[in-house]
Structures are given as C-alpha cells and as structure tokens.
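These notes are about the structure you will find just below.
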Amino acid sequence: MKFFKNSVARCARLLSGDRKGVTALEYGLIAALIAGVIIGGVTTLGSNINTAFSNLASNIK
C-alpha cells in the first residue's frame, strides 16, 4: 500500500508541472474509476442473483 501511495504521489508531482494532456489523463482516470465501479457492482449483483436462484431451485425440488 505504501508503494502505491508513493507511486501516485510521484506521478502527481511529475504531472503537476506539465499541463499538456492533463484533461485526457483526467478523463482516463474517471473512465477507469467508472469501469471499476461497474465491474464491482456487476460481480456483487451476479453473486447475489446466483444465490437467490440456487435457493429457489432447492425450494422447488
């Protein structure tokens, strides 16, 4: 975790002086965050639905 924090801080320092491509970088980070949230939500929802259908199938038998 410490390595990740140091890497992010170093990248932020390097990019703070350069204004070229900052908007593209921000859009890329936002897209990555949205993709991560969608993947996490779909994974959680999928496992919950799988459990619900398994319970339903066992009750039908």
Side-chain angles (χ1 to χ4, degrees):
M1 188 65 167
K2 186 176 181 182
F3 174 75
F4 180 72
K5 287 181 183 177
N6 290 339
S7 297
V8 171
R10 188 169 8 123
C11 287
R13 278 194 307 269
L14 290 173
L15 294 173
S16 66
D18 183 17
R19 290 289 154 196
K20 289 189 256 178
V22 172
T23 304
L25 178 67
E26 290 171 351
Y27 284 136
L29 289 173
I30 290 169
L33 178 66
I34 290 171
V37 168
I38 289 172
I39 290 170
V42 168
T43 302
T44 303
L45 183 63
S47 64
N48 289 344
I49 290 174
N50 187 23
T51 303
F53 279 122
S54 295
N55 291 338
L56 182 63
S58 66
N59 287 338
I60 291 174
K61 288 181 183 179

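Heads up: numbering here begins at 1 and tracks the sequence. Predicted model only: the values in this text are computed from it and were never measured.
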Check your understanding: Are Leu45 and Val37 connected in the hydrophobic side-chain network, where two residues link if heavy atoms are under 4.5 Å apart?
Key -> no
Exercise for review: Give the cluster check for Ile38 versus Ile30: same hydrophobic cluster or not, with ILVMFWY residues linked at side-chain heavy-atom distances below 4.5 Å.
Suggested key: yes
Exercise for review: Drop me the distance from Ile34's CD1 to Tyr27's OH, to the nearest 0.5 angstrom.
Suggested key: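 Output value for this atom pair is 11.5 Å.
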Check your understanding: How long is the span from the OG1 atom in Thr51 to the CG atom in Leu56, to the nearest 0.5 Å?
Key -> 12.5 Å
Check your understanding: At their closest point, which heavy atom of Thr44 faces which heavy atom of Ser47, and how far apart are they?
Key ->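 Between these two residues, the closest heavy atoms are O-OG, 2.9 Å.
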Exercise for review: Using atom types as modelled and distance alone, determine if a side-chain donor or acceptor of Asn59 lies under 3.5 Å from a backbone N or O of Asn55.
Suggested key: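 Yes: the side chain of Asn59 pairs with the backbone of Asn55.
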